[in-house]
Amino acid sequence: MKALAIIRTAERAAAVSIFLVMVALYFANVLARQVGGTFASEFAWVEEAVRLMSLFLVFLTVGLALEKGRHAGVHTWRDRIARATGLPLRKIVDAVGFVFCIYLVWLGYQMTAFVYGMGQKSPTLNIPVFWIYLAPTIGFALMALRFALSFFGRIDRFAGQASEEQ
Amino acid sequence: TGVWAADFVAKIGHLESAQQSRHVHLEKVAKLVNERTDGAVEFQLFPQGQLGQQREMTEGVQLGTLEATVAPAAFLGGFNPAVSIMDIPFLLPDNDETAQKIRGGAFGEALCDSFNSRGVTCIGLWPNGKKNFTSSKPLASLDDFAGQKFRVMDSNILIEQFNSLGASAIALPFGELYTALQTGVVDGEENPLDTIQRMKFYEVQKHLVLSDHGAMEDVILFNPAWWASLPEEHQKTIVDTFNEVIPDLIAHKAEAVAAALEEIKASGIDIREMSDDEKAAFRDKMYPAGRDAYVERAGEEGENLIAVYEKEYEAATAQ
Amino acid sequence: MILFALVIIVAVLLLVLGFEMFLVLGVPALMIKEFFYGNLPDPVVIQKVLGGINHTTLLAIPFFILAAELMGEGQIARRLTGLVKVLVGHLRGGMGYTTIGGSMAFGSVSGSAPATVAAMARMVYPEMRKAGFSDKFSLGLIVSSAETALLIPPSITFIIYGWMTGTSVAKLFVGGLAVGLVLGLAFAIMAALEARRSGVERGPRTSWKERVLAIRDAGWALGMPIIILGGIYSGYFTPTEAAAVSVVYAIFVEGVIFRELTLRKLFAVTERAAISTAIIFILLAMGGLLSYFITLAQVPSAITAFLEAIHAGPIMFLLIVNVSFLIAGMFIDPNSALLILVPPLYPVALALGIDPVHFGMIVTLNISIGMITPPFGLDIFVASSTLSKPVLTIISGLWPFIIANLIVLAIITYVPDISTFLPNLVFG
Ligand code: NA
Ligand code: NA
């Protein structure tokens, strides 16, 4: 589980630094506009850059959110239905979640490769657009990992949801 | 659509609203093409970005999720740096007929061809009006632009265009522009008159200069596989129909622009027409800056296209 | 039809069995893709997932969440609510009115209902509970008050409607102010009734001296709303940028002035805000996917055909408009509903002699309601993630407000003067 700890630390550090850099860039943009003139034009790439960073912010964090049991859902009846029917519902959720995420990783990879092949560039930053599709590809992989670990009982992602049963 | 399903169905997505010239003429083309192919070809239209932003739609045309899009050239620079030539200010002459000579001649052809190596099939260009400046501060002369903040679309060439005037180029989402003009986050913007009227920018601006400085050209892009699947006669019908409605489209746009100007005039804001001499002065300042930014981005391909353009421009304006 | 029923059944099953909400939306979306659009290349799924969140205006949500987390963790929130308590604490249900008024003021400038929930929820929820309001009522009021963001100007929804229909944005803004106030009044009446019913206690009346002291104590904290509201109205920044500025201000005040924000705390708070953002945005992403397939289905043409078939008059027409938006708002992102439904319905409205401004109010109020109606109600998820409350608890608190909303909608729909009186007065 040391590998997971490393991944977790990387996710947290990335999310926090991306988030704070987004704030700093936007703030700098506001200040630059007060200076005005062609200096302000130098910051025209900020909007595009921050939007790109927001995609990575989201998809580098979805896995953490899953591990902590924080994703929205109606968890009120799940365990009761599982007890009443004898179905291993938590395992079923994990399995379905894993298959869904792995499928989206596959599609994300295809989309990334396709856009990479087309060579499309972003309008102001002039960087390759395939980067934006890398974000969901990574994000769904990070969630697939958590679904798999939970399925095999290596992490308890349901602990935080216990209080939701009424 | 008739009782029988068409053999070839194309979803066509674009950004304009359903009453604007582009959509109105897409409807015309759809109807004519359907009739002329005896119902074999059907166009389904999805206006106002229902299917996503322009980048998504263009990607969709490459990928085959969307059969066609009619896109402003200004939104295509990322897919094809060569097309950004259209962002260069004062590119097309004022006279509609002269402009159509350039659009419909060797330059237009070379521009359209430049798309074909980029996973899309360009079948033609459509005119879509010209941009004008508005601002909450006076725009009485070239010098007035210095120090003002203008909102730009995502494009390095447009950024350089404003830099060349000593103005700030500010990137802002289109949806936030009305409020930004109202509160003064930016002083001004550039758009065709019918957009200025539809988006009601004149409600929150004090000055309008009829400069016609930026050509808004639409590029008609099809998915290559879908296009290749069409029998040649249908391809010809489609291309011819798109070209055939251009005079109509120009007239419709002119009417929309005239109506827009009436409405804007009635609001009482200051409107000034730029004289030919003034336009020449602006062109002298803005064209080289835009040209350099363009060549830097589009490289050798850009230089070649510029050469074709400048030759055509001279020939067309000399007569 | 059978396939469509299957999709619905699977969606309901996933929801009830406690699957994560992004799976509840995503799995049926994939089924629709396979069943009805099998020939579309599959990677379109990823494109539309990303398309749902790749918008600059959405950035206000993460920034305001972070600012709210910083203020809640530090002293700004406490000092601001302390001031409010001194000013209105002696009114029965004063905290309820504060929530409504605060959301209206904040929503006015931010223009984003989810950003308003993000910014307000953490601050006012504990205070509403302390004031004696029930858990459910507090949640319901916080989430629904944020709706006014789309109605009280400035509002991007009106700008988009104006662009689609050619209606004056200035007139729409003035009309929206009236409708937003009516909605706020309706919520205030509910807060008053609830305060009486559940015996919310009045605080002691405070002296002017205490009030002056509280204002002084609020000091730096008071700078927050002043900077956000003042900065936007005087043109220093856009609402989205204001969100980022508020984060910088919060870090400065909590870190440098109050000296309580350590680097370690900043890291923890930012991580929490990032997780809240991820939870909300993954749902927006799935919503984008679902909306795409619904757009392709060209449902609106079926609605207009139905309208023609029954020869609907204005009353019937507006009823159908409201029902269509309500249903659409339950399942797809309300802004997509705006883009899909207005083009076919607007010409019919004009032909029936309905005032464009009035129609704009009806549409925008519907869009606002769509933000809080389950199962896909963005504001519900924002509240759930920022307050760590189960989705179901929030929904159960929302029902009375949804009913109140529908009553207001009926009044706005069938009393056009409310929408048109002010714009006509101002613009003639
Ligand atoms: Na607003
Ligand atoms: Na909803």
Side-chain angles (χ1 to χ4, degrees), chain B residues 1 9 11 13 15-20 23 44-53 55-57 59-60 62-67 136 149 151 154 170-187 194-195 197-204 223 225 259-260 263 267, chain C residues 37 39-45 47-48 50-52 54-57 59 109 111 153-160 162-173 231-241 288 291-292 294-296 298 300 335-336 338-340 342-344 346-347 427:
Chain B
T1 57
V9 180
K11 301 186 290 295
L15 289 177
E16 271 191 355
S17 82
Q19 295 97 345
Q20 285 180 282
H23 188 77
Q44 294 175 348
L45 306 179
F46 292 87
Q48 53 207 22
Q50 288 177 352
L51 296 183
Q53 309 156 29
R55 184 188 54 73
E56 288 173 66
M57 287 194 278
E59 268 174 21
Q62 291 179 328
L63 192 62
T65 56
L66 186 63
E67 285 73 26
S136 52
K149 303 184 192 83
R151 179 261 177 181
D154 277 346
I170 308 294
L172 270 184
F174 193 56
E176 285 196 356
L177 182 50
Y178 181 95
T179 309
L181 292 169
Q182 191 171 34
T183 60
V185 168
V186 289
D187 303 308
D194 55 329
T195 304
Q197 174 249 333
R198 282 205 81 77
M199 291 300 292
K200 307 291 164 190
F201 293 144
Y202 67 85
E203 292 178 346
V204 286
N223 171 260
E263 189 181 321
S267 76
Chain C
Y37 302 101
N39 55 350
L40 281 184
D42 294 331
V44 71
V45 168
Q47 197 201 29
K48 294 305 162 189
L50 209 64
N54 193 11
H55 298 284
T56 302
T57 40
L59 290 173
V109 293
S155 153
I156 291 187
T157 314
F158 284 133
I159 292 172
I160 296 174
W163 166 65
M164 286 194 291
T165 63
T167 313
S168 159
V169 176
K171 278 188 184 179
L172 290 167
F173 276 8
I232 293 172
Y233 276 122
S234 51
Y236 284 104
F237 32 71
T238 67
T240 316
E241 289 167 343
S291 300
Y292 171 69
I294 290 170
T295 307
L296 286 185
Q298 297 196 301
N335 290 315
S336 305
L338 181 73
L339 289 180
I340 299 167
V342 169
Y346 181 72
F427 299 101

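In what follows, every chain begins at residue 1, and chains take the letters A, B, ... in the order their sequences are listed.
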What part of [X] gets within 4.5 angstrom of chain C, counting heavy atoms only: side chain, backbone, both, or neither?
X: B:E203; answer: side chain
X: B:Q182; answer: side chain
X: B:E263; answer: neither

Taking all heavy atoms of [X] and all of [Y], pick out the closest pair and write down the distance.
X: B:R55; Y: C:N54; answer: NH2-ND2, 3.2 Å
X: C:I340; Y: B:Q50; answer: CA-NE2, 4.0 Å
X: B:G64; Y: C:P41; answer: O-CD, 3.6 Å
X: C:L339; Y: B:G49; answer: CD1-O, 4.2 Å
X: C:V169; Y: B:M199; answer: CG2-O, 4.1 Å

Side-chain heavy-atom pair [X], [Y] within 4.5 angstrom cut-off:
X: B:P173; Y: C:H55; answer: no
X: C:T238; Y: B:T179; answer: no
X: B:L172; Y: C:T56; answer: no
X: B:Q48; Y: C:V342; answer: no
X: C:K48; Y: B:T65; answer: no

With a 4.5 angstrom heavy-atom cut-off, could you sort out which part of [X] is near chain B: side chain, backbone, both or neither?
X: C:N39; value: neither
X: C:S291; value: neither
X: C:S234; value: backbone
X: C:L50; value: neither

Backbone N/O of [Y] and side chain of [X]: donor-acceptor pair under 3.5 Å:
X: C:Q47; Y: B:E56; value: yes
X: B:K200; Y: C:W163; value: no
X: B:Q19; Y: C:G166; value: no

Please round to the nearest 0.5 Å and tell me the distance separating atom [atom1] of [X] and atom [atom2] of [Y].
X: C:T165; Y: B:R198; atom1: OG1; atom2: CZ; answer: 7.0 Å
X: C:T57; Y: B:F174; atom1: OG1; atom2: CZ; answer: 13.5 Å
X: C:Y233; Y: B:T183; atom1: OH; atom2: OG1; answer: 10.0 Å
X: B:F201; Y: C:I159; atom1: CZ; atom2: CD1; answer: 8.0 Å

Review point. Taking the six-membered ring for Trp, is the centroid-to-centroid distance between B:Y178 and C:F173 below 6.0 Å?
Key: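 Here the rings of C:F173 and B:Y178 have centres that are less than 6.0 Å from each other.
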
Check your understanding: Are there more than 12 heavy atoms of other residues, nucleotides or ligands under 6.0 Å from atom CZ of B:F46?
Key ->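 Correct, the count exceeds 12.
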
Review point. If we ignore angles and hydrogens, is there a donor and acceptor under 3.5 Å between the side chains of C:T240 and B:E176?
Key: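 Per modelled atom types, C:T240 and B:E176 side chains form a pair under 3.5 Å.
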
Point to revise | Most chain C-contacting option - heavy-atom pairs closer than 4.5 Å, from B:A180, B:G175, B:G60 | key: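 Top count of heavy-atom pairs under 4.5 Å with chain C: B:G175.
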
**Study point:** Best-contacting candidate, C:P154, C:S336, C:S168, against chain B by heavy atom pairs under 4.5 angstrom
**Key:**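 Among the listed options, the one with the most contacts to chain B is C:S168.
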
